[in-house]
Amino acid sequence: MSKSLPFTISKQENFYDRLGDYVGDVFYDILPEQGYELRDEQIYMAYQIEKAFKHNGISFAEAGVGTGKTFVYLLYAICYARYKRKPAIISCADETLIEQLVKNNGDIEKLEKALGLSIDVRLAKAREQYVCMKKLDPLANSTTDEDILQVHEQIPDFVFDQGTSMQSYERYGDRKEYPWVSNEKWKQIAWDPLQQCSTCDWRHRSGQTLYRDHYRHATDLIICSHDFYMEHIWTKESRKREGQLPLLPEASCVVFDEGHLLEFSAQKGLTYRFHSQTLQTILTGYMSQDVREETLYIIEDILAIHEDWFDYLDDVSESIVGSDRKEVKRSTTMMKMVKELQEKVDKLLEQLVFDAELFTIDPYHIKVMEEYLEFYSYGLSILLRDNQGIFWLEENDTDVTFVIMPRLVEDILAEEVFSQKIPFIFSSATLSQAGDFSYIAKSLGINEYDSFNVASPFDYEEQMRVYGHLYEEKKEVDKWNEIGQAIRKNGGQSLLLFTSAYEMDRFREWAHHQEWDIPFIYEGDREISELVKQFQHDISSVLCSYNLWEGLDVPGKALTQVIIASLPFPPHDPVFQAKRSHVSNPTEDVDRPYMLLRLRQGIGRLIRNSQDYGAIHLWMTEEQKKSEFTSINQTLPVELSWKE
């Protein structure tokens, strides 16, 4: 049942007029009476956003730290959801941002208390955030790992009891429930793209199925990640064809928090991953059925070409420093193999139609085969088109994966997302390039939009200092020593940001051999929101991360120093190499814009309220100082001082 609007409206009155009056009352009267500051920037943003809701339009809302942008978009989203009787979707950059919204004393809880509202908010997390029973149960029977066994012990009894009634189901399986599990161990027991959920025995008792049923019934807000929202968009039609519900229900509006990261999530959602063993597993399983001789010959040909293809990829791929992706250059030999593979796969798909009519084959095997071969064929078709696909190889101890990602997504986004006649709000402190929003709009396929920029209300000249440090790449240990001195001098209370997991691991190795009376917390050791909570409560600690450039909100004494170990240029991996190869000036058009945007986000972690204070320490090489100093100084809220 839909909840009522937080204001009255008669039949003679216009919803938007009454909404405008209510929003004015909230920001001018109600919030100040509850002890919140009256912020002109917040009120200006509110009335700018209103246009998108009135006209079902798109709004880029660039608002600096401290403008209270979250309150603004939440207030509009909740009111609009109740007016339209459909939930609003708040799409966040990642799971960390989701937790910031819904944590105790987070923005949603504060808004509830201040306005006397009861907000129905439910989380829709990515599938990788849930335990996969098909992986966990057999592993628990063969492992001695206490962390994994502890997860298995906490799985509710009904999951194992097929006779339990549906009434007694309870939600379980969210990563957040098992904070002691490291990222590496989580991969062993979490859902991954190899899992065939539609034909899984555990499907109706899996954690993600139960959570999905829960969030579908939200009346106000559904909060998800950009990755999950894009997965919903790309799978919506295929799920309908298979008689399944889309991942998300129909929404009244969508807010993209940290919307500058949406393009990458869109690319990621359309990514095709070819695991070296999957095709062989599926096809050999099918060969054991009563199939025709002609079909068997085609399968044998496909398996032989597939094996040759992966051997070739392994031979020609080159490792990339700081990345788990291995570069594969496009070649005539590879394209010839891919073309031959696609022709054979398409021929096999035709044969399946005849095999299915014989009624001698298990329909389950036919369905699994068709699903995977259609996916396989379409992925190959992207690869065969010139300049359409970005590709690379990934290897671990057990598997080799060839990955294909579309280079451009703006046409698909324009058609599948922004053609919907509902309000779309992009909110971030970093959406424009020097006030110009055309770059982000073009990359997302958006032609018509409103945009505005609201500066932060904080007195950065009083609250922040920024220090530049020079280092030589060959003398990295000297840099670690200086960073160690800065940490000790500050008594911890520091966020240490790295450009990659590889760089963080190098620092960790150095720090391991030093004497410390300061606790270090490293991303990946436990579930991320648990690490952030630990950092907030232990104010002498240091949080080391390569992902928390956005979304981390730790006001007060726990964070009085942000150390940026290197300028955050994009990696030299296949995704950014493809971007560089399609512009006339890679430095101006790809590398520098990315670095400056990331830098602005990282610096934004320090000052979170008007009482905060502290220092930013930024390391760069002499060469980077010469080439980037001017653009960096224009980006910073205060002038950079040098510590030679």
Look at the rings of Tyr522 and Phe507 and say which category their plane angle falls in: under 30° parallel, 30 to 60° tilted, over 60° perpendicular. tilted
Decide side-chain contact (heavy atoms from CB on, under 4.5 Å) for Asn633 and Glu639; before the verdict, give the C-alpha distance in whole Å, the side-chain angles of both, and the deciding distance to 0.1 Å. CA-CA 6 Å; Asn633 224 16; Glu639 197 164 333; 3.8 Å; yes
So Leu618 and Leu599, do their side chains get closer than 4.5 Å, heavy atoms only? yes
Say whether, by atom type as modelled, one donor and one acceptor occur between the side chain of Ser456 and the main chain of Val65 under 3.5 angstrom. yes
Lys176 vs Glu530, test: salt bridge (charged side-chain N to carboxylate O under 4.0 Å, His left out). Steps then yes/no. CA-CA 8 Å; Lys176 198 166 181 291; Glu530 190 71 15; over 6 Å; no
side-chain contact (heavy atoms from CB on, under 4.5 Å) between Ser610 and Glu37, intermediate numbers included: CA-CA 10 Å; Ser610 56; Glu37 295 174 36; 3.6 Å; yes
State yes or no: are the ring centers of Phe426 and Tyr449 separated by less than 6.0 Å? no
Within-4.5 Å side-chain heavy-atom neighbours: Val466 and Ile603: no
Do Glu527 and Lys125 meet the salt-bridge criterion of a basic N to acidic O distance under 4.0 Å? no
Working for side-chain contact (heavy atoms from CB on, under 4.5 Å), residues Phe569 and Glu628: CA-CA 11 Å; Phe569 283 103; Glu628 308 301 333; 3.8 Å; yes
Would Arg488 and Trp516 count as a cation-pi pair here, with the cationic atom under 6.0 angstrom from the ring centre and within 45° of the axis? yes
Gln493 (side chain) donor-acceptor with Thr560 (main chain) under 3.5 angstrom: no
Side chains of Ile564 and Trp619, heavy atoms from C-beta outward: is any pair under 4.5 Å? no
Note: Glu128-Lys268 ion pair, threshold 4.0 Å (strictly below): no
For Phe7, run the side chain to side chain contact (heavy atoms under 4.5 Å, CB included) check against Val23, Leu19, Asp21, Asp25 and tell me which one passes. Leu19
Answer yes if the ring centres of Phe418 and Phe424 are under 6.0 angstrom apart, and no otherwise. yes
So, His226 side chain and Glu258 main chain: donor-acceptor pair closer than 3.5 Å or not? yes
Answer yes or no: is there a donor N or O on one side and an acceptor on the other, between the side chain of Gln561 and the main chain of Asn490, under 3.5 Å? no
Do Glu472 and Asp478 have side chains that get closer than 4.5 Å, going by heavy atoms? no
Got Ile78 and Leu111 here, is their nearest side-chain heavy-atom distance under 4.5 Å? yes
Set out, in order, the CA-CA distance, both residues' side-chain angles and the distance that settles salt bridge (charged side-chain N to carboxylate O under 4.0 Å, His left out) for Asp591 and Arg580, then state yes or no. CA-CA 8 Å; Asp591 292 350; Arg580 293 180 184 104; 2.8 Å; yes
Tyr546/Glu503 under side-chain contact (heavy atoms from CB on, under 4.5 Å): CA gap, chis, key distance, verdict: CA-CA 8 Å; Tyr546 52 93; Glu503 186 182 33; over 6 Å; no
Within a reach of under 6.0 Å around NZ of Lys533, are more than 12 heavy atoms found that belong to other residues, nucleotides or ligands? no
Can you tell which of Arg598, Arg605, Arg600 makes a salt bridge (Lys or Arg N to Asp or Glu O under 4.0 Å) with Glu550? Arg598
Is it true that Lys626 and Glu622 have a side-chain N and a carboxylate O under 4.0 angstrom from each other? no
Before giving the answer on side chain to side chain donor-acceptor pair (under 3.5 Å), spell out for Ser438 and Asp436 the whole-Å C-alpha distance, their side-chain angles and the decisive distance to 0.1 Å. CA-CA 6 Å; Ser438 60; Asp436 180 5; 2.8 Å; yes
Taking Lys51 first and then Asp450, would you say they form a salt bridge - that is, a charged N and a carboxylate O separated by under 4.0 Å? no
Kindly indicate whether the side chain of Thr67, heavy atoms from C-beta on, has any atom under 4.5 Å from the side chain of Arg39. no
Look at the aromatic rings of His469 and His617 and report parallel, tilted or perpendicular, splitting at 30° and 60°. tilted
Quick one: are Arg592 and Ser631 in side-chain contact, heavy atoms under 4.5 Å? yes
Using modelled atom types only, decide if a donor and an acceptor are shared between the side chain of Glu112 and the backbone of Ile119 within a distance under 3.5 Å. yes
Val417 backbone acceptor or donor facing Gln420 side chain under 3.5 Å: yes
